[in-house]
Structure formats: C-alpha cells, structure tokens
K.L.:
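Before I ask anything, here is the structure I am working with.
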There are 2 protein chains.
Amino acid sequence: MGRRSTTRRIGIADVALLAGVSHATVSRVMNGNFTVDATIAERVRAAAVELNYQPNPVGRSLALGKTDTIGIVVPDLSNPTFQAILRGLSMAAAQDGYRVLIADSSEVSSEEAILAGEARRRCDGLVLCAPRMSDAELEELAPSLHPMVLINRSTESTQAPSLMVDYGQGIQELAEHLVSLGHTRLAFLAGPARSASNGMRLNGLEKFSAAHPDIELQMLEGGSSFEAGHEAADKVIASGATAVLAFNDLVAMGLLSGLHEKGVRVPEDISVTGFDDIPFARYTTPPLTTAAVPITELGQQAWHSMRALIQQAETPATPSTFQPQLEVRGSTGPVKG
Amino acid sequence: MGRRSTTRRIGIADVALLAGVSHATVSRVMNGNFTVDATIAERVRAAAVELNYQPNPVGRSLALGKTDTIGIVVPDLSNPTFQAILRGLSMAAAQDGYRVLIADSSEVSSEEAILAGEARRRCDGLVLCAPRMSDAELEELAPSLHPMVLINRSTESTQAPSLMVDYGQGIQELAEHLVSLGHTRLAFLAGPARSASNGMRLNGLEKFSAAHPDIELQMLEGGSSFEAGHEAADKVIASGATAVLAFNDLVAMGLLSGLHEKGVRVPEDISVTGFDDIPFARYTTPPLTTAAVPITELGQQAWHSMRALIQQAETPATPSTFQPQLEVRGSTGPVKG
DNA sequence: ACGGACTGAGAAAACGCTTTCTCATAATTC
DNA sequence: GAATTATGAGAAAGCGTTTTCTCAGTCCGT
C-alpha cells in the first residue's frame with residue numbers, strides 16, 4: 001500500500017497542487033481552453049512539464065465518451081491480404097491521431113461475433129472483415145456494432161459503408177485472359193465454401209460460363225492457404241484442365257510449388273492464376289499472373305469511411321467497389337499445342 | 001439531447017433498475033461475487049440478458065486500473081518479420097483474454113518514443129520493437145514504459161525482459177557456410193546504419209573475420225527493404241564478391257531479382273543468403289539460403305514474458321536469446337570454378 | 001429472550017478526467 | 001460612485017464501473 005502510493009502515476013491533481021490551482025484549471029490548460037489567464041496557464045504548463053504529466057487516456061475516454069481507437073477484426077493475421085488492410089488502415093488512422101486494436105478470429109466464425117462486440121465496445125468504431133459469418137448473423141449484429149465499416153460484405157438493414165473488391169469481375173478477366181491464350185479446359189480451385197468472397201468469384205464464373213458455353217470449367221475444392229494449394233496439385237493434374245484459376249495468390253503459390261514437385265511445368269503444361277497480387281506474387285517462379293487489388297489503399301479508404309462515420313453521425317454510406325486489375329506475368333501461357 | 005438519450009447505451013443502472021436492486025449488486029453478480037443471494041443473482045442475470053447488457057470496458061478499466069490490452073510498437077508493419085511477431089503476440093495474448101493495440105512508427109525513430117509512451121498509457125504493458133532508437137534514449141525512456149518487453153534490444157537500468165535473436169551467431173554460420181563452399185570474397189549488404197540488429201550482425205562478422213583472416217569481406221551499404229536489395233545489384237556485381245550476405249530475406253529477395261535482371265546467375269555466378277526465413281523465402285528462385293528465426297514463437301514468448309510481468313510485480317527478467325538455424329537452399333552454391 | 005456473530009445489500013467513495021454551474025473579482029458604463 | 005457586465009477560476013457533477021464502508025436483518029448460543 002505504502003509502496004504503491006509511492007509509485008503511483010502522477011495525475012491531474014498533482015499538477016494542480018504544484019501549480020496552486022484547481023484541477024479544473026489544469027484540465028482547461030491541457031485542452032487549450034483559452035478562458036484561463038496567460039500567467040496561470042504558463043504556471044500550469046510549467047508544473048506539467050516539471051512533473052512530466054501526461055493525462056490518463058482512460059480517464060479522458062470515460063469523460064469524453066471516446067477512445068480515439070478503432071478496432072479491426074480479421075479472420076487471419078497471417079494472410080497477406082489482411083496484413084495489408086491492417087497496414088493501410090493503421091497508417092491512415094494514425095495520421096488523424098487514431099490507433100487500431102486488432103482482433104484475430106483465427107478463421108473461427110463463431111468467434112467473430114463475440115470478438116467484434118468486444119472490440120467495438122473498447123473502440124469508437126469497427127472495421128469488420130468477417131468472410132465466414134453468415135449473412136443472417138451479420139445482419140443481426142450490425143446495428144449493435146455501428147459505427148462500422150465492412151470489408152467485402154454488405155448489409156441490408158444498416159447503412160454501414162462497405163468496401164468491396166469486385167472479385168466477380170476480376171475472376172472473369174482472368175478467365176477471359178486464359179481463353180485468349182487458347183485454353184478451353186479450365187478449373188477453379190475454390191476457396192472456403194462459406195467465404196463471401198468465394199461466392200463473388202463463383203458468381204463471376206457463372207457469368208463467364210454463360211458467355212462461353214464452349215469452355216469447360218471444373219470446380220475443385222481448395223481453400224485459402226498456401227498448404228491448400230500445395231495439396232491440390234494432384235487433384236489439379238487429374239482434372240485434365242490446362243489452366244487453373246486459384247482462389248488467391250497464396251493458393252496459387254502453393255499450387256505452383258506442388259506442381260513443380262510433380263514435374264509439371266508452368267505455364268507450359270498448365271497455366272496458373274492467382275488473385276490479390278500480394279507483394280510476393282511477382283517473385284514466384286514463374287511470376288504469378290493475377291488480378292491486382294489495391295489492398296493497402298482499401299485499408300486507407302476504410303479509415304476514411306470510418307472517420308466520416310465517426311465525425312458526422314449522418315452516414316454518407318458510399319458502398320465503394322474496387323476493381324481488380326489484370327496483371328499478366330509468367331505463370332500463364334498459350335495452351336499446350 | 002432527447003434523441004441522444006434514446007440511443008444511449010444501456011448501462012449498469014438500467015439493469016439495476018429492471019432487477020430492482022442497486023447497481024453495486026449488479027456489479028457483484030456480473031463479476032461472480034458470491035456474496036449475493038441466489039434468487040437475486042438470478043433476477044439480475046435475467047435483467048442483464050433481457051437488456052443485453054455488456055459492461056462498459058472503459059468504466060471497468062478506470063475502476064480496475066487495467067485495460068486488458070497490451071501495446072506493440074513496430075517500425076514497419078509491412079515487414080514480414082514484424083507481422084510475424086505481431087501475429088505470435090496477438091494470438092498468445094488472445095488466449096489469455098488480452099488484446100493488442102498497434103503503433104507503427106513508420107521507421108521514424110523520433111516517433112518511436114512518443115508512440116511508445118502513448119501506447120503504454122493506454123495499455124497494461126508494452127512490447128517494444130525500436131531498432132532505430134538510440135541506446136541513450138531507450139535507457140531514459142525505459143522506466144516510464146514498464147512493464148515492457150524488448151525485442152532485439154536490452155537496457156542496463158531496468159530489468160525489462162528482452163527477447164533477442166542471436167544475429168551475430170546466425171550471420172557467422174551463414175558466412176561459414178559460404179566459406180565451406182569455397183568462397184573467399186564475401187560481401188555484406190548491410191542494413192540501416194543505426195539499426196541495433198545490424199550492429200549485432202557486424203559484431204558477428206567481426207568475429208568471423210578474426211577467425212578467417214584470409215577471407216575478404218566487403219561492407220556494402222544496403223537497407224532493410226526489398227527495394228534496397230534490388231537497387232544494390234550493381235554495387236554487388238561491381239564488388240567482385242562471389243557470395244553476398246544480405247541484411248535480411250527481403251533485401252536478399254530484392255537482390256535476387258536485381259541480379260536476375262542483369263543476367264547474373266544465382267548461385268552459379270554469385271551466392272546469396274538472407275536472414276529471418278520469412279514465409280516466402282523458400283519459394284524464391286532459387287530458394288533462399290537463410291538463417292531461420294522462429295519469429296512467431298518469439299512473438300508468443302513476448303506475451304509470456306509480458307504476462308509474467310503483469311501478474312507478478314516481481315520480474316523474472318529472463319533475457320532469452322533465440323538461436324537462428326542455418327537453412328541451406330538453392331541460392332548458395334560452390335564458388336565459380 | 002437477549003446480545004454477539006453473520007449475511008447480504010444499499011450508500012458512497014474511488015478511479016482520472018472534462019465540463020457545466022456558480023460566484024468572486026475586475027472592468028466597464030452612466 | 002453605484003450599478004452592470006465581463007472575465008476567470010473553483011466547486012461540483014458527471015462518465016460507468018468496482019469496492020469499501022455501513023448497517024439492517026438473521027441466526028445462533030446460552
């Protein structure tokens with residue numbers, strides 16, 4: 001007890017005592033309220049620096065009703081895509097004096113709801129990347145999470161801004177690219193079944209198939225990780241497809257590695273495409289043809305939407321969509337003649 | 001005003017009112033204090049679920065003097081090494097019900113101190129990755145940041161636990177490996193001049209040189225990024241070295257790419273080594289020989305040290321060192337004969 | 001049946017700050 | 001010079017919890 005009081009962090013009261021004013025005045029000075037006499041203000045400031053006083057953020061938060069912190073929930077922090085979103089978000093938020101609290105749901109969709117709620121309560125807003133959560137649950141949760149911005153999801157009920165990547169369009173472009181190279185037997189190495197973005201890709205591919213009834217397109221079960229791609233090599237070879245659209249770059253890279261081990265040449269024997277254009281996609285062997293998503297920028301945009309939401313209670317609710325850009329590299333080539 | 005009161009989040013008072021008890025009792029029930037009658041407790045719990053009451057964490061934090069949050073400051077969130085530390089830390093902390101707040105100093109060392117202080121005040125502890133901060137500044141800052149665990153740094157004054165990677169040992173092993181392949185003209189593509197971990201590497205290389213007076217070892221200015229490595233290609237070629245030790249995997253990968261563009265073959269013409277063994281190091285062309293650091297595990301360990309620090313005021317102060325492990329892959333080979 | 005030891009819950013203080021309310025004192029006006 | 005208005009700072013009321021303090025009401029032994 002005695003010990004503890006010695007170590008106690010210095011608070012507004014200590015400054016007030018030293019400066020010989022009330023703590024209200026100290027607060028006024030610290031917050032740049034000009035209704036305080038210049039002489040006294042200076043005295044307070046001097047006392048503050050002498051004691052190296054720094055306002056306790058928790059006390060401030062309670063009084064002000066804001067934490068200057070936003071939360072982000074991601075399904076997997078080891079995924080470069082979410083790392084990039086986090087980075088873009090964090091950097092942009094920092095410029096406005098906000099910090100970010102992270103919550104990794106480890107791909108466990110049942111955790112997403114709880115984590116989201118917890119994070120939200122600690123923060124002024126929430127950026128939600130919850131690809132596995134069901135639409136129903138998201139819809140139910142949304143109101144209690146406001147202000148919130150969604151990544152690659154949208155809700156009916158709330159007007160939460162949502163930032164979407166047009167995966168459907170991107171995958172169509174990739175497929176068209178393969179067709180232009182002469183491929184007629186394609187395979188899609190799908191992502192997690194319940195993933196929202198996988199659904200968007202499937203929609204895109206449906207449109208593609210409708211436009212190209214002559215092109216064969218097989219659906220192969222995959223996943224979202226490097227390992228999933230690696231393990232799918234046999235399946236891909238067995239499919240007889242000459243070109244495969246992987247769920248994302250990670251899967252594509254795993255597949256590249258798996259195919260290499262089996263002695264299958266890319267792109268001579270099989271062409272492979274990824275999705276996302278993660279930083280390392282251009283350095284694989286061969287460099288990966290992919291659909292580039294300006295993902296860091298998306299993270300940045302997420303902050304801007306969030307900021308708008310926090311500042312004005314009125315929601316602009318701009319559901320902006322990011323168009324992926326076809327990035328042709330070495331992993332795709334003319335069909336084996 | 002009227003509006004606002006309608007929207008107000010429900011608090012402990014609402015539950016108390018509905019259950020017909022004092023808010024103190026609600027608090028007791030919520031915190032599993034058993035000195036409350038079972039009947040009443042049940043009534044309170046019912047009221048809580050009916051109102052969907054969730055205690056306000058800020059209020060709790062103020063009362064309890066803890067936030068259940070730890071901060072981490074990293075110099076660059078786009079660096080896979082820090083991403084991995086963050087991930088290991090975040091996952092481990094989550095298991096104990098802690099969250100992590102991130103602060104990215106964007107490699108600006110002057111920001112590190114401020115960010116660290118800010119983050120620390122909002123959290124129960126701080127994990128500090130501040131490679132650019134001067135020893136003096138770190139020493140001065142340390143006391144005010146406690147509890148804190150350091151990554152790849154150490155202090156004299158405080159007994160802050162520090163988790164170190166033995167870069168000196170690792171780089172020596174890499175150099176020895178190159179020598180064993182017959183190389184006699186080596187170059188070190190250094191990291192940022194003021195980086196602490198770069199210093200450790202230099203110390204290791206000094207020892208190496210002392211043990212191998214016959215081996216030529218040039219020092220080349222580099223950096224810590226992919227781009228730095230890429231740009232250094234010309235310099236490396238001009239140096240006449242047959243093997244180059246890059247500061248880290250990122251630099252090595254950039255160099256690989258740069259050398260490839262110039263038509264220099266790796267490892268036939270020049271051998272290249274990295275450091276860290278980031279996830280993609282094994283998938284470069286050729287796969288990168290490197291010194292593997294169990295970096296996610298280090299993040300985990302950082303949490304364990306932090307937890308010990310938070311729980312018992314007494315510090316175990318275990319300055320643990322992680323030994324990198326030589327990972328020989330395709331980017332190194334016998335010297336050109 | 002009466003005093004002492006328990007139980008259990010409300011009242012109130014504490015956490016560290018911001019902000020409204022209030023009221024001296026000083027500055028202005030007629 | 002008295003009345004009015006600025007000006008500026010302290011007192012106090014929050015913000016939403018936890019926790020100590022207090023004190024009714026019970027239960028027990030004698």
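We use all heavy atoms of the structure for the numbers below, so side chains are in, but hydrogens, waters and symmetry mates are not.
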K.L.:
Are B:Thr67 and B:Asp124 linked by a side-chain donor-acceptor pair shorter than 3.5 Å?
P.N.:
yes
K.L.:
Any chance CD of B:Glu139 has more than 12 other-residue heavy atoms, nucleotides or ligands included, within less than 6.0 Å?
P.N.:
yes
K.L.:
Can a donor-acceptor pair be found, under 3.5 Å and without considering hydrogens, that links the side chain of A:Arg132 to the backbone of A:Ser195?
P.N.:
no
K.L.:
More than 12 heavy atoms of other residues, nucleotides or ligands under 6.0 Å from CD of B:Glu42: yes or no?
P.N.:
yes
K.L.:
Please report the closest heavy-atom contact between A:Asp14 and A:Arg9, naming both atoms and the distance.
P.N.:
OD2-O, 4.5 Å
K.L.:
Between atom CG of A:Leu141 and atom CE of A:Met148, what is the distance when rounded to the nearest 0.5 Å?
P.N.:
7.0 Å
K.L.:
Take atom NZ of B:Lys66 and atom C1' of C:dG16, then tell me their distance rounded to the nearest Å.
P.N.:
18 Å
K.L.:
Can you give me the closest heavy-atom contact between B:Leu128 and B:Ala116, atom names plus distance?
P.N.:
CD1-CB, 4.1 Å
K.L.:
Give the angle between the helix axes at the two ends of the helix from C:dA1-D:dT30 to C:dC30-D:dG1, taking five base pairs at each end and rounding to 10°.
P.N.:
50°
K.L.:
Sugar-phosphate atoms are those with a prime plus P, OP1 and OP2; base atoms are the rest. Using that split, label each nucleotide of nucleotides 15-24 of chain D B, S or - for protein heavy atoms under 4.0 Å, 5' to 3'.
P.N.:
BBBBBB----
K.L.:
How many angstroms lie between atom CG of B:Leu145 and atom CG of B:Leu150, to the nearest 0.5 angstrom?
P.N.:
8.5 Å
